[in-house]
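Nothing fancy with the numbering, it's 1 onward along the sequence.
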Amino acid sequence: MAKKRDVPVHGRKSARFHRARKKRYLVVAGGAVTEKQYFKRLASIYDVVIEYQQKNESPEHLADFARKLKEEDERDISTDCYEKIWVVVDVDDFHGHSQAAKICKDNGIELIISNPCLEVLLLDHVSVCPPSFTLTSTVESAAAKAGIVGGNRNKYVNVELIDSEHLDAAIRNAERHNTAGNRQGRNTLAPHHEQEYAPWTDMPKVIEVPQQASDNSK
C-alpha cells in the first residue's frame, strides 16, 4: 500500500521515492531461532522483505505489539506500508488465542497459528504430518528425525529443504491434516481445547503471499 507523501518532484528525493521497492511484510512472533530463520529463508527465495520482530510474550500481547508496529509504520512516510502483517504463534504454551484473534481482526492483521508448533509446517515440507501428532514433543522429534531441523536443541532449520519444490509440497501436505473438522476448532479457538484441532497450520497462506508476489513480478 503506497503512503501519501509531500515531497519535491525533482532531485534525489524524487528519484528515491519513485524507485521500485521490494514488497514489505512484517512477522511478529515468539520464536527467537526457528521462526526467524524460516522467514529469512522465505524472503530470500521470493525476493521480498520480511521484517521479523520477536518477543517472548503471549499471543494476545504479540497481537497488541503488532498493532503498535502497524500504527508506527503507517505514520512513517519514508517507505511503503507493509503489504501484510502476520502474528505467528504456536499453541503449546498459551491459551489466549481468541483474544489475539480479535485484536488482529480489528486491526487488519492476520493471526497465524501452528498447532501444536511450527514444526508441523516444517515436517510438511518432507512428509504429511500424521493426524496423531498432537503433542509438541512428538512433532519436534519427528521433524528432527526427518532432517528438517537440527543443531542445538533442534532449533535450526535445514535450509537445504526449504526451496520452491519443498514449499509447494508443504502447502499440499498441510491440506491433508487441515481437515474440515480441525478447521472448526481452529475457528472456535476454545481455550484448553487445542488438541481437538491438532495438527494444524495456517502457514500455507503465508507462504502463498510472497510466492504470488514473486510470480507476478516475473
Side-chain angles (χ1 to χ4, degrees), residues 27-45 50 52-63 86-97 100-101 110-163 165-179 181-183 185-186 189-208:
V27 171
V28 176
V33 180
T34 311
E35 288 89 343
K36 184 176 182 178
Q37 188 184 13
Y38 186 83
F39 282 105
K40 181 178 180 180
R41 180 63 172 167
L42 284 188
S44 175
I45 291 172
I50 301 179
Y52 189 87
Q53 293 282 345
Q54 185 268 338
K55 278 183 175 290
N56 188 22
E57 298 280 1
S58 68
E60 182 178 1
H61 285 109
L62 289 175
W86 296 296
V87 175
V88 178
V89 299
D90 296 343
V91 304
D92 48 359
D93 294 323
F94 300 101
H95 303 283
H97 295 83
E110 291 190 45
L111 179 65
I112 303 299
I113 298 176
S114 291
N115 182 6
C117 54
L118 183 71
E119 280 77 4
V120 170
L121 181 276
L122 296 179
L123 186 58
D124 283 335
H125 284 70
V126 292
S127 63
V128 179
C129 183
S132 61
F133 284 18
T134 62
L135 300 177
T136 298
S137 58
T138 304
V139 181
E140 288 180 340
S141 177
K145 289 179 181 178
I148 190 69
V149 294
N152 184 30
R153 299 174 59 206
N154 291 319
K155 291 294 182 181
Y156 292 86
V157 179
N158 180 357
V159 295
E160 293 183 359
L161 293 177
I162 311 297
D163 55 24
E165 181 179 348
H166 286 92
L167 286 164
D168 288 342
I171 292 171
R172 292 193 306 270
N173 288 338
E175 291 178 355
R176 301 276 297 276
H177 56 72
N178 284 3
T179 62
N182 283 356
R183 184 174 301 278
R186 163 62 180 87
L189 296 178
H192 304 284
H193 289 268
E194 290 82 9
Q195 284 194 28
E196 294 177 9
Y197 72 95
W200 176 274
T201 181
D202 292 323
M203 278 295 296
K205 64 182 179 181
V206 175
I207 297 168
E208 288 169 344

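Thr179 has its side chain out of reach of Trp200: every pair of non-hydrogen atoms, C-beta onward, lies at least 4.5 Å apart. A 4.5 Å side-chain heavy-atom check between Cys129 and His177 finds at least one atom pair inside the cut-off. Between Ile112 and Val27 the shortest side-chain heavy-atom distance does not fall below 4.5 Å. Looking at Ile113 and Leu189, their side chains come closer than 4.5 Å, going by heavy atoms from C-beta outward. Counting heavy atoms from C-beta on, the side chains of Leu123 and Glu119 never come closer than 4.5 Å. Looking at Tyr38 and Ile50, their side chains never come closer than 4.5 Å, going by heavy atoms from C-beta outward. Using a 4.5 Å cut-off on side-chain heavy atoms (C-beta onward), Leu167 and Leu42 make contact. Between Met203 and Leu118, the closest side-chain pair of non-hydrogen atoms falls below 4.5 Å.
Note that the OG atom of Ser44 and the CZ atom of Phe39 stand 14.5 Å from one another [nearest 0.5 Å]. Note: Lys145 NZ to Ser127 OG = 12.5 Å, rounded to the nearest 0.5 Å. Rounding to the nearest 0.5 Å gives a distance of 9.0 Å between CG of Leu121 and CD1 of Ile171. Expressed to the nearest 0.5 Å, how far OG of Ser58 lies from CG of Asp93 amounts to 11.0 Å.
Scored by the salt bridge (charged side-chain N to carboxylate O under 4.0 Å, His left out) test, Asp92 finds no partners at all (sequence neighbours excluded).
Checked by atom type, the side-chain pair Asn173/His125 shows no donor-acceptor distance below 3.5 Å.
Ion pairing between a basic and an acidic side chain is recognised when a charged N comes within 4.0 Å of a carboxylate O; Asp202 and Arg186 show such pairing.
With hydrogens and angles ignored, the 3.5 Å screen pairs a side-chain donor or acceptor of Arg41 with a backbone N or O of Ile162. The closest donor-acceptor contact from the side chain of Asn115 to the backbone of Glu194 lies under 3.5 Å. Under the 3.5 Å distance criterion, the side-chain polar atoms of His95 are left unmatched by any main-chain donor or acceptor of His193. A donor-acceptor contact shorter than 3.5 Å links the side chain of Asn178 to the backbone of Thr201.
Contact between Ala146 and Val126 at its shortest, heavy atoms only, is CB-CG2, 3.7 Å. Shortest non-hydrogen contact noted between Leu161 and Gly147 is CD1-O, 3.7 Å. Across all non-hydrogen atoms, the minimal contact from Thr134 to Ala198 is CG2-O, 3.6 Å. Scanning all heavy atoms of the two residues, the minimum distance from Ala174 to Pro204 falls at CB-CG, 3.6 Å. In plain terms, the two heavy atoms of Pro59 and Gly96 that are nearest each other are CB-O, 4.5 Å. Smallest separation of non-hydrogen atoms from Leu135 and Gln195: CD2-NE2, 3.2 Å.
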Quick one: do Leu122 and Val149 satisfy side chain to side chain contact (heavy atoms under 4.5 Å, CB included)? Show the steps, please. CA-CA 8 Å; Leu122 296 179; Val149 294; 3.6 Å; yes
For residues 28-37, which side-chain donor-acceptor pairs fall under 3.5 Å, sequence neighbours excluded?
residue : atom : partner : partner atom : Å
Thr34   : OG1  : Lys155  : O            : 2.7
Gln37   : OE1  : Val157  : N            : 2.6
Gln37   : NE2  : Val157  : O            : 3.2

